[in-house]
Every structure is written in structure tokens, then in C-alpha cells.
Amino acid sequence: MSIRAYLTQFHEPPGYLDFGRYGPVSDDVADALHRAAERMRCEGPAGGGALAALEAETARTTAAAARLLGAAEHEIAFNASTSHGMFAAAYAFEGPGAVLVGRRDFPAAVYPWLRAEGYGGLKVRFVDGPMTVDAVRARLDDEVRAVCVCAADSMTGFLAPLAGLKELIGPRRVLVVDAIQALGAVPVATDAADVLAGGGQKWLRSGWGTAMLLVRDRVADQLRPGLGGWAGVRDPFAGADHPHAPLPGAQAQLISNPDCMGLAALGAGLRLLLDAGVDRIGALVRQAVGELVEAALTCGLETDWAPTGEGSGGPIARVRLPGAAASELHAALARQGLTTTLRGDWVRLSPHASTLTRDPDVGSRLVDAVRGLRAAVR
């Protein structure tokens, strides 16, 4: 698929810079949802034809997810959200031992470990600052059994050095990756991840309701079923009394059947991404962020996004205007038709590959918004 054909799939409003929160879906995803809804409306999941069609969609989605993640299909399961996947990962470990977690990481990568710790899971040991190799090395000892990291930081866009982290911690420690802010926006070293969770609603542009959970065979023997329910055991409807043995790997973490409509949407989004090319899409995202940062700097905004250096080039940049509250900057951008995210003392910019096509003048409008705000606060 050409990039031009890929970009025609999207119809978000000009100035939409909030893909770090939600990515408006493509034509293919909308069509997949419509077809799945029609099957559910006409036959319901119990209908033979509808059920067979939905099962076929699940198989196609599994194949696409395996291709994106560089995994075997049996290493992948689907659940409701990235948070669900992170809770499954945290509860899959039984103490003693410790897990390293970024103190300022997105909450979905933090609270599952804190909750699991209270129920006999790993002891949480926080790492301050970005999860660099040096920062993790400083906190690493024989007690540490796992390291949890966000592939891309939700505030700064910092890209975690996944390959370096896995090399550092070795084969007997588990690298758990919250990948939602990177998958579909930038290339990700997914082969370094032992366990990975990522939902479809952001850069994959596949809507809410379904997320991928990867558990590599190489670490499956270190994990218990955790939150796994009836869907995560062998032959749950067989005549033998319960409990039944858990399924292997990621399948052991299933609570129930996944959302079949969500799976159809996720599959459509994954196939579109793979057809267009992760590297090509990532280059367009980087171009969009770079142009926005350049515009921000010309009108006096501060940012810590950089095109080069450790962890640089991520899909997210944050900006602020000295002397003005972040809420004022956020409102000024909104008046210019720019949709951004207010996060504490910063405004987050998260464009996607379609941003510059939908709004070639988005940088100029950002500059106009800041100049207007400067004039108002003098």
C-alpha cells in the first residue's frame, strides 16, 4: 500500500494533535466494526454463520498481531485494555523478589504492580527519571526479577532502550513493556520484550475495547496464571471437575472471551499499519512532531523534545510558555482549532502520520495561537 492510499483512510479534523489520548479510526476499521455489528444484529454470536465469521476475524487479527510483534501466534492473547494486560502481568509473578518500575511512568504501568505487591506479588522498587540502561543498572541486584517500562513515555515521548534493557537484565529476568504509546507511531524493538501489552485506541487507530497481550515462550515458565479465568484453562467445559490445568503462555491470562467486534476492528487497524509500513508511518510522525517543535521554538515555547540523543525522536512532545499557565496555552491553542492534551504544567502535542496532510498549516496556527496569548498576558 502506498502512503498516499494509507492517508486517505483518515478524516480527523484539521489541527487534531491528541493521538496520545485517542486516534480517530480509519475507513477500514469503521467498515470492520460495521460488518461485525451487522453480524451481531442479524444472528448474534450464537448464529453459526456469524460465529464462524467472527472466529475467522479473530484468526486474522492474531496473525497480524504476531507479524507486528515478531511473535508466534500462540504467544499472543487478547483482552480488554492495556491496563488489563499490565494487571495480568503483575499478578502473574509470585513473590519473593522485586520489580523495577518508573516512578513517573503512566499510571497503568505502575498501579498493577502496587496492587499485586499487596497480594503477595513482587516488591515494587521505583526508578527515578527516564528508564535508561544506566538508571536501571543502578537499581539492579539479585532480588530483581522483572523490569517494567513504557516503550514511549506518555508525557515526554522518551523512547525506552528496550534492546539495551533486555541485554542488561539477561534471560532470567522478565522485561515487561507497556507499548501503547509507541505501537503504530514508531518502530518498536518488540523482540526485546518478554511480556508486552498494547491497546488499539491510540496510534493503532482501532478504537477501544481490545488489546494485545504478548507472553514469550522463553519466560512462560516464570509466570503463574495470575488473573486467568475459565477462558485460560484447558477444556473448561469438559466433564472433569475443576480446577483444570492452565493454557500455556499468554492464553493462561485470559479471563473470558475477548470482544469480537473489538478484535475485528483491531485486526483491520493492524493490517492497515502493516500494509503501509511501520517505518514509513514512523517517519511521517517524526516529521510532524519535528515541524511542530520547530514552530514552538520560533514563538518562544519551551520543550524537552529533541531529534537526536538517547531516547529521542518519540511521537510526543510537550511544550509550555514561560509566564503563562499551561491551561492558558491549552485554551489558546483550542481557539485556533488545535486539539491538544493538558497535563500538569505542560501541553502535550501528539500528531500522527495524517496530521500534516489534514492540516499543512498546523505549525503556523500554533505560532498564531502563542503570539495571541503573549499579547494578552503582557
Side-chain angles (χ1 to χ4, degrees), residues 1-10 12 16-17 19-20 23-29 60-72 76 82 149-154 156-167 175 177-193 196-206 212 214 266-294 305-317 349-358 360 362:
M1 170 183 286
S2 70
I3 281 294
R4 178 177 296 181
Y6 170 80
L7 294 175
T8 62
Q9 286 268 329
F10 302 106
E12 73 272 9
Y16 187 84
L17 305 174
F19 289 90
V25 303
S26 63
D27 289 343
D28 281 2
V29 168
R60 294 181 70 203
T61 301
T62 303
R67 182 179 163 198
L68 176 65
L69 300 179
I76 295 171
T82 305
V149 63
C150 293
D153 185 83
S154 67
T156 67
F158 174 84
L159 299 176
L162 299 183
L165 290 172
K166 183 56 188 173
E167 182 179 5
L175 183 63
V177 179
D178 177 339
I180 193 169
Q181 288 291 13
L183 287 176
V186 293
V188 180
T190 55
D191 56 330
L196 179 147
Q201 75 270 25
K202 300 181 188 291
W203 311 96
L204 295 176
R205 307 186 71 161
S206 301
M212 297 172 285
L214 165 70
L266 179 62
L270 291 175
R271 290 189 295 274
L272 186 62
L273 169 69
L274 292 166
D275 288 346
V278 174
D279 289 342
R280 291 195 293 173
I281 291 171
L284 289 176
V285 174
R286 183 184 175 89
Q287 178 186 354
V289 179
E291 290 194 16
L292 285 167
V293 166
E294 183 178 357
W305 189 91
T308 60
E310 185 177 23
S312 63
I316 293 169
L349 310 176
S350 53
H352 200 242
S354 57
T355 295
L356 296 180
T357 299
R358 300 288 300 156
V362 64

Practice task
Show your working on side-chain contact (heavy atoms from CB on, under 4.5 Å) between Leu162 and Val188 and close with a plain yes or no.
Solution key: CA-CA 8 Å; Leu162 299 183; Val188 180; 3.7 Å; yes
Exercise for the section: Give the C-alpha distance, both sets of side-chain angles, the deciding distance and a yes or no for side-chain contact (heavy atoms from CB on, under 4.5 Å) between Val278 and Leu68. Expected result: CA-CA 9 Å; Val278 174; Leu68 176 65; 3.9 Å; yes
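- Across all their heavy atoms, Val285 and Ala353 have their closest contact at CG2-N, 3.7 Å.
- When all heavy atoms of Pro315 and Val289 are compared, the closest pair comes out as O-CG2, 3.5 Å.
- The side chain to side chain donor-acceptor pair (under 3.5 Å) test applied to Gln181 returns Trp203, not counting sequence neighbours.
- Arg271 meets the salt bridge (Lys or Arg N to Asp or Glu O under 4.0 Å) test with Glu57; sequence neighbours excluded.
- Every residue was checked against the side chain to side chain donor-acceptor pair (under 3.5 Å) condition with Thr82, not counting sequence neighbours, and none meets it.
- Judged by distance alone, with hydrogens and angles left aside, the side-chain atoms of Ser350 form a donor-acceptor pair with the main-chain N or O of Leu17 at under 3.5 Å.
- Both tests do not hold together for Arg358 against Tyr16: distance to the six-membered ring centre under 6.0 Å, angle to the ring axis within 45°.
- No side-chain heavy atom of Leu292 sits under 4.5 Å from any side-chain heavy atom of Trp305.
- Taking every heavy atom of both residues into account, Ala151 and Ala179 meet most closely at CB-CA, 4.0 Å.
- Under the 4.5 Å side-chain criterion, counting only non-hydrogen atoms from C-beta, Leu196 is in contact with Leu183.
- Of the inter-residue distances, the one linking Gln201 atom CD with Leu266 atom CG reads 10.0 Å to the nearest 0.5 angstrom.
- Judged as a salt bridge (Lys or Arg N to Asp or Glu O under 4.0 Å), and not counting sequence neighbours, Glu291 has no contacts.
- The distance from atom CG of Leu7 to atom OG1 of Thr357, rounded to the nearest 0.5 Å, is 4.5 Å.
- Taking both residues in full, the closest heavy atoms of Leu204 and Gly199 are given as CD1-O, 3.6 Å, listed atom of the first, atom of the second, then distance.
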Exercise for the section: Show the numbers, then the answer: is there a side-chain contact (heavy atoms from CB on, under 4.5 Å) between Tyr6 and Arg280? Expected result: CA-CA 11 Å; Tyr6 170 80; Arg280 291 195 293 173; over 6 Å; no
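- The list of salt bridge (Lys or Arg N to Asp or Glu O under 4.0 Å) pairs with a residue in residues 179-193, not counting sequence neighbours, is empty.
- Note that CG of Leu272 is 9.0 Å distant from CG of Asp27, once rounded to the nearest 0.5 Å.
- Here OG of Ser312 is found 9.0 Å from CZ of Phe158. Values are rounded to the nearest 0.5 Å.
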Problem - Residues Lys202, Ser154; criterion side-chain contact (heavy atoms from CB on, under 4.5 Å); working and verdict - result: CA-CA 11 Å; Lys202 300 181 188 291; Ser154 67; over 6 Å; no
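- Taken to the nearest 0.5 Å, the CD atom of Gln9 stands 10.0 Å off from the CG atom of Asp275.
- Looking only at distances, a side-chain donor or acceptor of His352 sits under 3.5 Å from a matching main-chain atom of Gly184.
- In this structure, Leu270 and Thr61 approach most closely via the heavy-atom pair CD1-O, 4.1 Å.
- Looking at every heavy atom in both residues, Leu175 comes nearest to Ala192 through CD2-O, 3.5 Å.
- Thr156 meets the side chain to side chain donor-acceptor pair (under 3.5 Å) test with Asp153; sequence neighbours excluded.
- Interatomic distance, Leu284 CG to Ile3 CD1, rounded to the nearest 0.5 Å: 5.0 Å.
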